[in-house]
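Below is one structure, written out as structure tokens; the observations come after it.
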2 protein chains.
Amino acid sequence: MTDGERLLDAVLRLTTALQRDMETGLAAVGLTPARAHLVGVLVTSGPQPQQALARQLEVTPRNVTGLVDALERDGFVTREPQPTDRRASIVTLTARGREVADGLVAGRRELGGQLARVLPAGRVAALADDVAALADEVERLAGGAR
Amino acid sequence: MTDGERLLDAVLRLTTALQRDMETGLAAVGLTPARAHLVGVLVTSGPQPQQALARQLEVTPRNVTGLVDALERDGFVTREPQPTDRRASIVTLTARGREVADGLVAGRRELGGQLARVLPAGRVAALADDVAALADEVERLAGGAR
DNA sequence: TATTGTTATACTCTATAACTATA
DNA sequence: TATAGTTATAGAGTATAACAATA
């Protein structure tokens with residue numbers, strides 16, 4: 001097996017483990033990855049109409065309807081009427097939604113710290129650069145193939 | 001942002017890009033990730049009854065029924081009767097299934113090569129080791145939390 | 001009595017198409 | 001006429017529970 005294949009294997013293994021870890025963490029607070037993604041956009045970009053969410057999530061408006069339905073039912077967000085355009089509603093985090101979102105951010109920071117502690121302190125920055133370079137390349141491969 | 005957080009960000013970006021890249025590749029040959037996973041197990045471990053597939057894929061037997069239904073319909077596998085146990089059937093790759101699977105293996109090898117070329121040759125092996133160490137840690141975190 | 005695979009049912013994420021209300 | 005969001009429909013992956021056929 002070449003070093004490149006070993007690298008790919010390790011990355012795929014990391015991918016699977018990370019996904020599992022994050023999904024169980026999200027499930028513990030009552031979220032799924034897709035719903036957490038939407039919550040993340042609200043945290044970063046503030047209250048938004050569903051069209052804007054659809055664009056940022058790269059998903060159809062219909063899909064956003066379903067995600068917001070579930071998040072609203074579970075008390076994470078509300079749909080606020082927009083006075084200037086009665087077609088649109090503004091999706092807004094509830095207090096509880098914000099609390100949960102803050103917890104996710106904290107958990108992510110903690111996971112970053114745990115990963116950093118796996119390696120000698122001097123290597124973490126270089127590793128981050130190398131992995132970023134790999135990500136750039138894969139994005140180029142996928143994007144450029146069109 | 002700490003180096004650990006930068007590392008985590010890079011890894012998550014790589015994860016997303018890889019997933020997208022692989023999904024489009026699979027779709028081009030008529031497979032989904034879940035079905036390709038099943039095909040991969042057949043390549044590695046040979047023809048299997050569905051119970052064994054369910055264990056290796058870590059999904060329910062019911063789920064395997066659905067995946068095999070789809071793979072059978074699309075001509076990738078067949079269900080062969082098992083003479084010694086008439087309850088069970090043995091899931092077997094067709095000639096076309098094997099061809100497609102060989103293509104996936106080749107594609108993976110090529111992707112490994114492309115990743116390796118992103119970095120100075122001397123760093124690839126060390127990077128593979130570091131990423132493997134991260135994967136070990138995340139598996140430990142997820143598994144040990146039970 | 002235990003095991004293999006299935007039918008029945010349900011939830012989540014995703015998509016397209018057609019429609020309503022509003023701009 | 002264009003836009004925001006919905007209903008209708010569909011496919012994929014996943015799960016549990018009940019059941020048939022076989023061991």
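Letters go in sequence order (proteins before strands), and every chain restarts at 1. Since the structure is predicted, the reported quantities are computational estimates derived from the model, not experimental observations.
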Report yes or no: is there a donor-acceptor pair, N or O only, under 3.5 Å between the side chain of [X] and the base of [N]?
X: B/R62; N: C/dT7; value: yes
X: A/R86; N: C/dT22; value: no
X: B/R87; N: C/dT4; value: no

* To do: Examine D/dT3: is either OP1 or OP2 under 4.0 Å from a nitrogen or oxygen in the side chain of A/R55? Give yes or no.
  =>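 Checking A/R55 against D/dT3: no side-chain N or O falls below 4.0 Å of OP1 or OP2.
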* Is any side-chain N or O of A/T60 closer than 4.0 Å to OP1 or OP2 of C/dA15? ->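 For C/dA15, OP1/OP2 do have a side-chain N/O of A/T60 under 4.0 Å.
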* Asked: Heavy-atom contacts under 4.0 Å between residues 21-36 of chain B and DNA chain D, which residues?
  ->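 Close to the strand are B/T32, B/A34, B/R35.
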* Asked: Under 4.0 angstrom, heavy atoms only, what part of the nucleic acid is A/Q50 near: base, sugar-phosphate, or nothing?
  ->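 Since only primed, P, OP1 and OP2 atoms lie under 4.0 Å of A/Q50, the category is sugar-phosphate.
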* Have a look at A/D85 and say if it touches a base, only the backbone sugar-phosphate, or nothing, with a 4.0 Å heavy-atom cut-off. =>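 Sugar-phosphate only.
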* Asked: Quick one: do A/D3 and A/R6 make a salt bridge, cutoff under 4.0 Å?
  ->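 Salt bridge flag = yes for A/R6 with A/D3.
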* Asked: For DNA chain C, which residues in residues 37-49 of chain B have a heavy atom at a distance below 4.0 Å?
  ->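 Per residue number, the list reads B/P49.
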* How far does CG of A/L8 sit from CG of B/L18, to the nearest 0.5 angstrom? ->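 Reported value, rounded in 0.5 Å steps: 6.5 Å.
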* To do: State the dot-bracket string of DNA chain D. Criteria: Watson-Crick or G-U wobble, both atom distances under 3.5 angstrom; notation: ( ) intrastrand, [ ] crossing earlier pairs, | interstrand, . unpaired.
  => |||||||||||||||||||||||
